[in-house]
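Whatever order the structure lists them in is the order used to number ligands and atoms, beginning at 1. All values below come from the heavy atoms of this structure, side chains included, with hydrogens, waters and symmetry mates left out.
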Amino acid sequence: MNEKELEIVKSTNKKSKPQTDQISFGKTFTDHMFIMDYEADIGWNNPRIVPYEPITLDPASMIFHYGQTVFEGLKAYRSEDNRILLFRPDKNLQRLNLSSERLSIPAIDEESVMNYLKQLVSLEQDWIPTTEGTSLYIRPFIIATETNLSVAPSQSYKFMIILSPVGSYFSGGIKPVSINVEEQFTRAVKGGTGTAKTAGNYSSGYQAQAKAKNEGNADVLWLDGLEKRYIEEVGSMNIFFKINGEVVTPELNGSILNGITRMSIIEVLNEWEIPVVERKISIEELYQAYADGELEEAFGAGTAAVISPVGELNWLGRKMVINNNQIGALSKKLYDEITGIQTGKLVDSHQWILEV
Ligand SMILES: *Cc1c(COP(=O)(O)O)cnc(C)c1O
């Protein structure tokens, strides 16, 4: 695919930027957004950066009826020496195309989209907050726009990128969270859409999330859909356990989302020569390790929090309090390493950083 020329229409009505300590996640957006269209006969076309504004869609647009949509989530960080850094953005665009394939959405050209994304972030660079722990969240997504109620893949789409400044995930310091092991609902099964970042995977988790919250938990730990035994992941994070000196994370099994934070953590642990295995792990095995005093640390891993320590796991009325409800030494070390690379404080020996 040839790169199409990018049109840029600048906003004449700039918004005021929020104080970094007053931003709640995902409610503030920058002055511009990126859009391109897809039509079956011409492919992706008309890439443009335009003022951020509502879009108009026909009520019969296919996205509203059969959920043909995918998204990504990544961040731009401002380094101390004022550079703009993206963390492994190529992996996000690759994964977007994998999600699209699952949802029968046409692939984007990763190289051109990377270029458009960089131009959008560069134009909006004054929106990247600078306080420790803050960043500019980048949300690329695709929606099906054909006006048609037939149950079939849409013949037209919109690809968009919107940007949202985010405050520190851990504004009061890193606090371990309490997680409920979900026994009733299922997030995904092999052969389904669990490996894709697609809307329905998230809305179908809200009931379980509400139950968990009612009982004082921050999130849900999903078990496999077939046997309700094997641990899969948290709402929007992969999960890691440190058991008797070894780090264990559920293997990618066709229903778990392949997290970029997860893959980076595994690479860092290998480099540090800390034993790490990807394998099936059942909730019974985890509970036994806890009962034997061998469950040393647990943490979620994803772009939003990077590392989110789990202080408490609730499973069928049984409570596991992990590491005294404190962040573990390894969790902290991984957090410092990954965020250090992301913000340019540490040397990027893996070539994970793309400078805008
Ligand atoms: C996005 C996501 C993750 C984490 O992926 P990252 O690439 O590390 O941000 C994990 N699980 C689910 C369900 C997700 O949607």
Take Arg279 and Val248 through the test side chain to side chain contact (heavy atoms under 4.5 Å, CB included) and record every step on the way to the result. CA-CA 7 Å; Arg279 65 168 172 87; Val248 180; 3.9 Å; yes
Selected option - heavy-atom contact closest to atom 11 (N) of ligand 1, from Glu233, Glu232, Lys75, Arg187: Glu233
Considering only heavy atoms of Tyr202, which atoms of ligand 1 have at least one such atom less than 4.0 Å away? 13 (C), 14 (C), 15 (O)
Note: heavy atom closest to atom 3 (C) of ligand 1, options Ala301, Ser99, Ser236, Ser264, belongs to Ser236
Just checking, any donor-acceptor pair under 3.5 angstrom between side chains of Glu124 and His32? yes
Which atoms of ligand 1 sit under 4.0 Å from any heavy atom of Thr261? 6 (P), 8 (O)
Subset of ligand 1 atoms that lie under 4.0 Å from at least one heavy atom of Gly259: 5 (O), 6 (P), 7 (O), 8 (O)
Closer than 4.0 angstrom: is that true for some heavy atom of Gly235 and an atom of ligand 1? yes
Is there a donor-acceptor contact under 3.5 Å linking the side chains of Asp90 and Gln94? no
For atom 2 (C) of ligand 1, find the nearest protein heavy atom and state the residue, atom name and distance (0.1 Å precision). Lys197 NZ, 2.5 Å
Tell me which one of Met237, Met263, Arg95, Arg262 gets a heavy atom nearest to atom 7 (O) of ligand 1. Arg95
Within the supplied structure, the quantity of interest is the number of heavy atoms (other residues, nucleotides, ligands) at a distance under 6.0 Å from Lys10 NZ; does it exceed 12? no
From the options Leu74, Ile260, Leu257, select the one whose nearest heavy atom is closest to atom 6 (P) of ligand 1. Ile260
Would a 4.5 Å heavy-atom cut-off, applied to side chains only, mark Gln184 and Gln207 as touching? no
Pick from Glu232, Arg187, Lys190, Glu233: which one makes a side-chain hydrogen bond (donor to acceptor under 3.5 Å, both in side chains) with Ser255? Glu232
Would you kindly say whether Asn323 and Glu297 are connected by a side-chain donor-acceptor distance under 3.5 Å? no
Counting non-hydrogen protein atoms only, what is the nearest one to atom 9 (O) of ligand 1? Give residue, atom name and distance. Thr303 OG1, 2.5 Å
